Protein chains: 4
Amino acid sequence: MSVPTRSRTRPAPAARGARRRTYLKADARRAQILDVAKDVFVKRGYRVANVADLCRAARIGRGTLYQYFDSKQAVLLAVMEEVCGRVEQVLAARPRIEAMGSPARVSTEEIVRFCEGRLRQLLQAVFVDEATLRLILRDARGLDGSVDRVIARIDAHALAALEHDLAAAQRLGFLRKGDVRLIARFILGGVEKMVLSALQEDAPVDLDLIVKTAVQLELYGLSRKEARR
Amino acid sequence: MSVPTRSRTRPAPAARGARRRTYLKADARRAQILDVAKDVFVKRGYRVANVADLCRAARIGRGTLYQYFDSKQAVLLAVMEEVCGRVEQVLAARPRIEAMGSPARVSTEEIVRFCEGRLRQLLQAVFVDEATLRLILRDARGLDGSVDRVIARIDAHALAALEHDLAAAQRLGFLRKGDVRLIARFILGGVEKMVLSALQEDAPVDLDLIVKTAVQLELYGLSRKEARR
Amino acid sequence: MSVPTRSRTRPAPAARGARRRTYLKADARRAQILDVAKDVFVKRGYRVANVADLCRAARIGRGTLYQYFDSKQAVLLAVMEEVCGRVEQVLAARPRIEAMGSPARVSTEEIVRFCEGRLRQLLQAVFVDEATLRLILRDARGLDGSVDRVIARIDAHALAALEHDLAAAQRLGFLRKGDVRLIARFILGGVEKMVLSALQEDAPVDLDLIVKTAVQLELYGLSRKEARR
Amino acid sequence: MSVPTRSRTRPAPAARGARRRTYLKADARRAQILDVAKDVFVKRGYRVANVADLCRAARIGRGTLYQYFDSKQAVLLAVMEEVCGRVEQVLAARPRIEAMGSPARVSTEEIVRFCEGRLRQLLQAVFVDEATLRLILRDARGLDGSVDRVIARIDAHALAALEHDLAAAQRLGFLRKGDVRLIARFILGGVEKMVLSALQEDAPVDLDLIVKTAVQLELYGLSRKEARR
DNA sequence: AATGAATGAGGCTTCATTCAT
DNA sequence: CATGAATGAAGCCTCATTCAT
């Protein structure tokens, strides 16, 4: 009749590898977890990495993680949101393209250099570091609706910036008319694939070379003959 | 207080249709499973779709699937291998680019049309149908080593073909010199991103327009000034 | 780069106490689980009993249970639904009270005996066995919205039947007028408490005595003086 | 594909109000916690309410609670002990039933009024307020051994008082002979069920009506014919 | 050839309690 | 006195795979 009461007493604190607990202020801990999590997600893959991995890497107990995030997914989401926020900031802070002046006065070299700089800015906003980069381009895709949505938002930001540049350059007479939507996608996709190729071979990502190649192609194409139309 | 409790009891596994068993020859069954599996993987995503989904869709019992494939992963692998094989065939069957003749005799329009045709062939080999396309570009990435390897192989085939074309065209004098590896990646990546954009918006994929845009950019770029170097 | 693939292979089938697996048809298994579950829930209490307990008692693996029920809660729910169904049946099958005849012709003893029989029927429908009884009166209360709702439904059935009897008896002139809603609750509550008291002391539940006491009180009260109103 | 994902990130525990700390004397704090806890336990249910809820409601930190109580359970226990103590007091303070005089001199109305008053006293001791009432009758049952024991003690007090009254009334000749144990249970159970019904429908508990109905039934029953035995 | 019941390792998450500040 | 960050045991559930029929 009487219930066994199994009074949920805590057994001796498991004196195994038992590292002492460390204390951090909430904000600091949150940031630390995010930091560590990015690494773990990249190194082991979001799906393969389990919450235990995250906590071990952050040297915290499993429960601690759940004081800061609702779920494993929420951790990834927070990582991505962070990137997204940074992208928004960087893009908003860029000078307007109209600052460049009129085509008549600008030399080809200046144009090239300007485009390269601008593209590099864009990429650096998105690809803060290689971990983030791998996450965005490779690991975090197709995981789950809400994560995908953040990635889509980042993507949309980048594309919008690119489109805006292209449209302005067309208006100012630097570039030929054309479907800016498609062209923006082509350029961003091209750059992404070059980056991905490097990542896949574990080669260092030479952003300079990639940017140069992209701008060269974007501006002048490959043909030795001038287009007539 | 009240919980939004979902469906209480399971429909008692047996009772979900009690369809009569159907018999098929081994080859036919295997093919049918692959066919159905592609759909299921695309519609629900490889990870979310479970073996039960596959079997239900194929109207077979769980054990039956395991008589034809070693594992769930093996099913996806087989789907991808099929695509890979087709790509290899198509690419091997294409005419050699040298058939085109010398730059002196070929008009700009002919070059454009040739490039467009060739790119379209390449894409159609890879993207047999929209399901395959979604699988390759979106869903099957980063799932697992061996699947990734097949996708990488497909990718490598496409890139190799493109690189080969570019190198030949450079040798023949149609195109400027340049790093064919990077350029091939840029072009393929650009095209893929245009396709992905369409997929993401559930818009029909207008391969013609995409190919046209790609070739135009690839050949002539966007600049209104001729490059001087 | 390559993912470790942890190919989820099943390790040797754990040759511990390893009882051979037993096969049952879906319906039979489902029934067996329900049967065992009722016992376990009663013996250990719904909250204390864990899914492992249920499965151990049913000699099945944990996954098996989840082929038949969505959750631990769903198991309890199914047990209760079963009772609820039986109550509905039994109550529907009872003869209508009007069969009794007119007060003039019926002796006091007959009335008493009739009431006792009728009350016993009602109780036996609800309290099929002691396990069910403990579950309904003690263990399953306040656990969770949906379970509570089923219990409330059972309760409502019993009360409705009782109310209906009372109203009919009033109409026929056997009983004094009065608030049937409240009176029904009083009687059922009184009976339940007598039962609960026995349960709490692990004494056998003497339904006969309980029914006799209840009917005696219900009909004639305790007073030695006749009420004047 | 899209998941109904709930709130992504937790509000970073610290940031949930950053209320200045308040200081209270030990006794006052203890009392305040008990007070708040009763509310929380009733509103959310003992099991669902977690320690965080208690502390938030009491506007204290988690550790603080554990300076006054050993465990969550101890808090509930203290609440119940408080009630139990009050019941003991009230019951001890009631006048002895023998004060009433002999049946010959007491009119039926006086008896009825006396019984009603006495029952109301009993109930009011137990059901101090609606929160307590819900706790005792609904939420705190079957939670755990020691809590159950306190409830059982309260119940026993009430039953003992009732039994004592009944026995005395029988001795004095007001009431028919009968099994006081069972009868006491019947009456208390009946009253409780009427109360519970009201609670369940969130209707106000009309103690007066309930007491009247109970006493009427208890004394005179429902029959229109006088019992012969 | 086909079936579908059975399995159990492994994952995620909760929450009462502890303890450094 | 008070705090709130940290903890980890314990629980529920999923699902790829096996195997008796």
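Numbered from 1 within each chain, the chains take letters A, B, ... in sequence-line order. On a predicted model such as this, the values are computed, not experimentally measured, just so you know.
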How close or far is atom [atom2] of [N] from atom [atom1] of [X], stated in whole angstroms?
| X | N | atom1 | atom2 | answer |
| --- | --- | --- | --- | --- |
| A/Tyr46 | E/dC12 | OH | C1' | 10 Å |
| B/Gln67 | F/dT17 | CD | P | 15 Å |
| A/Leu65 | F/dA5 | CG | P | 14 Å |
| B/Leu24 | E/dA2 | CG | P | 7 Å |
| B/Tyr66 | E/dA2 | OH | P | 17 Å |
| B/Leu54 | F/dT17 | CG | C1' | 13 Å |

Between [options], which nucleotide has the shortest distance from any of its atoms to the side chain of [X]?
| X | options | result |
| --- | --- | --- |
| B/Lys72 | F/dT17, E/dG4, F/dA6 | F/dT17 |
| A/Thr64 | E/dA2, F/dA6, F/dC1 | F/dA6 |
| A/Val51 | E/dA1, E/dC12, F/dC12 | E/dC12 |
| B/Arg62 | F/dA10, E/dG4, F/dA6 | E/dG4 |
| A/Arg29 | F/dA2, F/dA6, F/dA20 | F/dA6 |
| A/Ser71 | E/dC15, E/dT13, F/dG4 | E/dT13 |

**Prompt:** Applying a 3.5 Å limit to both distances, which nucleotide forms a Watson-Crick or G-U wobble pair with E/dT14?
**Reply:** F/dA9
**Asked** So, for A/Arg47 and A/Lys72, which heavy atoms are closest and what is the spacing to 0.1 Å?
**Response** O-NZ, 3.5 Å
**5′-ward residue of the pair B/Asn50/B/Gly63 relative to DNA chain F** =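 Looking at DNA chain F, the more 5' nearest nucleotide goes with B/Asn50.
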**Asked** Any side-chain heavy atom of C/Val51 sitting closer than 4.5 Å to one from C/Tyr66?
**Response**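 With C-beta onward as the side chain, the pair touches.
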**Asked** How is D/Tyr68 classified with respect to the nucleic acid when contacts are heavy atoms under 4.0 Å: base, sugar-phosphate, or nothing?
**Response** sugar-phosphate
